[in-house]
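Below is one structure, written out as structure tokens; the observations come after it.
In each ligand, atom 1 is the first atom listed, and ligand 1 is the first ligand listed. Keep in mind that this is a model prediction, so the values were computed, not measured.
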Amino acid sequence: MEIESRNSSQKCKYCDCLVDDVDLDSLQCHECKMYVHVKCLKRGAVPGGLVADVFFQFTCCHCSPRGNEQFIRDKMPWLQAILLVLYHMQTRSPGLARKGYFHWKIHIAAFIDRNWDILFRKDFKRKKKWMGTVSGTLSHYSPHFFKSGTAVFNEQGWWTLTYPKLAPNVIVQLNTELMSEKQKLRETKLTIDDTQLLKGILLTKPYVTEEMLQITKTHDAPETEEVYVQTVKNSQKKKRFLLPTIASLSIPLPKRVKKTHKTDLQSKLLKKLSKSSVEDKIVETENVVKPAKFLDPMCHYNTSLDEYSCVRSLSMKVRLTGTVRKEPILSPYTSIYLPPYIRRDSKIRPSWLQLMDELKAKVHRSVPNWELPKRLPLDFVYIQPEHIPAINSLCNQFFWTGIDVSDTLRYPDFSCVVLYGKLIVAFAFVIPDVKFNECYISFIFTRPGWRKCGIAKFMLYHLIQTSLGRDITLHVSISNSALFLYQKFGFKVETVVLDFYNRYLRDDTRESKHAFFCRLER
Ligand SMILES: [Zn+2]
Ligand SMILES: [Zn+2]
């Protein structure tokens, strides 16, 4: 983006109101050099919808040959990307932060990972060690632009913006000025430290406040870069419980209830086989017998069941339907606009539809020139509030009673719902960040008659893509053939959990109540 000094009488080309010098929340058309408020854009927001993201080569609708606004992503240096991400998260997801600080890996790197295509140009190479670059950049620009939370938490890795009120492009400008001042100093062989230099530059700005000048005096000691390189190395060695753990984030750990009576031979055998791992888990939760609690996002209540326990009487009142929205959905978890569709598919041929086609053909066999009506596509979408009643109803019917999946609306990015017209035929959910760098697949379900045609496979593929860079775990009943699908995707059985489904499944189920705990390492 080219930032040209603007005089205070600049007006927005679309609304004719003044363009504010301080918040700079406007784009400059690179043809006519006029400014346009982000809020005045014809498309309602910049591509990707990041707050204060003005890093585009923008052409306004009057200058564009086809009359539509054009956005070409600027080169995005790491400083700029991280400023943008922190500014966006502090505005849109302040709830994620810990006392205003975000974790470089859990929050910042994960956000960049999920939104890579929005942030960077297509030609920007994704290097293997880019996460190390993120932590390195944070340390490098500390304390001038990023503030470390080490002094606050006595724990490294937490960051916030030094000047939370300044938009990313304002800080980028400050940095450019700081660099050129330093260059001038080098030529004159004078030495002034960066803090003083930055203070000098800030003093020339109309937006400077007393508070900002105070900040420059009371910087925390910067964190060294080596610490972070070390952290990255460790995490690559699959040390899964690297700090911060869930405990340090004050999120309750999942608890499992111990089942005391095991009599059948199979249980005994399995216990022998997996003695150590199972006992570890049991000791940890001895005497913690709590009633089954649903809706706890940290509670491991995965099913991944192939068989359903029992089909209760099908009430006609049961709501089966959902809808597909046409507009993007704002995710409260990542503050990103999700597209209305993940995928549309007209090729998948579930046995249920084949059966229906055959029936229709039979009914109409005496009608001359009758043709099968065109089949609807299968829509793979993110969860939306309208889907909840139907999915809850399916869960209660096929799994166990009391399930409410409303919580998944808090992180729709990690969901996949499959619709045929308005009929919900499948769904799958991941709970993000159940542990540091670990997601958990809570439910995967496909209606009978719609199975074995690749629907679950695609949902799983989508969820794995969404959770890049993090381990994914799940429980699956030991008698469930879905295990083969998981293994195809690289999941490995880590432990056997006896009687895992005891408190969930109905007694008349044919499915084994023991589960494999599987992990896909990343
Ligand atoms: Zn305007
Ligand atoms: Zn223009």
Side-chain angles (χ1 to χ4, degrees), residues 1-77 79-81 83-94 115 117-124 161 163-177 202 204-209 212 325-332 334-340:
M1 184 191 54
E2 258 174 68
I3 299 166
E4 294 186 3
S5 57
R6 44 175 97 171
N7 54 51
S8 53
S9 59
Q10 278 284 0
K11 283 183 177 177
C12 167
K13 186 161 183 182
Y14 293 2
C15 74
D16 212 34
C17 293
L18 280 178
V19 170
D20 192 351
D21 250 332
V22 179
D23 81 35
L24 287 163
D25 206 6
S26 52
L27 292 156
Q28 187 184 26
C29 171
H30 86 290
E31 293 284 340
C32 64
K33 307 290 177 207
M34 293 280 285
Y35 287 89
V36 174
H37 289 121
V38 170
K39 64 175 176 0
C40 293
L41 290 172
K42 299 289 178 228
R43 65 196 306 286
V46 292
L50 295 175
V51 177
D53 182 3
V54 291
F55 304 106
F56 296 97
Q57 183 187 302
F58 168 68
T59 315
C60 76
C61 63
H62 305 286
C63 299
S64 151
R66 284 194 204 149
N68 58 339
E69 293 161 342
Q70 286 175 356
F71 299 82
I72 300 167
R73 180 50 102 192
D74 282 338
K75 276 220 170 83
M76 181 71 73
L79 168 67
Q80 200 168 298
L83 286 169
L84 196 52
V85 168
L86 275 172
Y87 193 81
H88 179 83
M89 289 200 295
Q90 73 168 19
T91 316
R92 287 279 175 78
S93 321
N115 301 292
D117 296 338
I118 290 171
L119 284 164
F120 300 109
R121 288 156 62 126
K122 292 264 178 295
D123 59 354
F124 185 73
L161 291 168
Y163 305 106
K165 285 180 189 148
L166 297 185
N169 57 342
V170 179
I171 296 179
V172 169
Q173 270 177 289
L174 278 177
N175 185 52
T176 314
E177 287 178 46
L202 276 170
T204 67
K205 303 293 172 194
Y207 52 74
V208 73
T209 61
M212 282 179 198
R325 291 193 193 179
K326 299 284 180 285
E327 75 275 16
I329 310 139
L330 180 69
S331 160
T334 50
S335 312
I336 279 297
Y337 283 95
L338 302 169

Donor-acceptor contact present, side-chain His30 to main-chain Phe58, <3.5 Å
yes

Considering the Zn ion (ligand 2), could you give the total of protein N/O/S atoms lying closer than 2.8 Å?
4

Atom name of the N, O or S atom of His37 nearest to the Zn ion (ligand 1) is ND1

Would you call His62 and Tyr14 a side-chain contact if the rule is heavy atoms closer than 4.5 Å?
yes

Applying the side chain to side chain donor-acceptor pair (under 3.5 Å) criterion to Arg73, which one of Asp117, Asp53, Asp123 satisfies it?
Asp53

Going by the rule side chain to side chain contact (heavy atoms under 4.5 Å, CB included), which residues pair with Pro47 if we only count those two or more places apart in sequence or in a different chain?
Arg43, Phe56, Phe71

So that I can check it, does any N, O or S atom in Cys12 come closer than 2.8 Å to the Zn ion (ligand 1)?
yes

Could you tell me which non-hydrogen atom of Cys40 sits nearest to which non-hydrogen atom of Val36, and how far apart they are?
CB-CG1, 4.3 Å

Side-chain contact, heavy-atom cut-off 4.5 Å: Leu166 with Leu174?
yes

Looking from the Zn ion (ligand 1), what is the angle between SG on Cys40 and SG on Cys15, to the nearest 10°?
110°

Which heavy atom in Val51 sits nearest to a heavy atom in His88, and how many Å separate them?
N-ND1, 3.0 Å

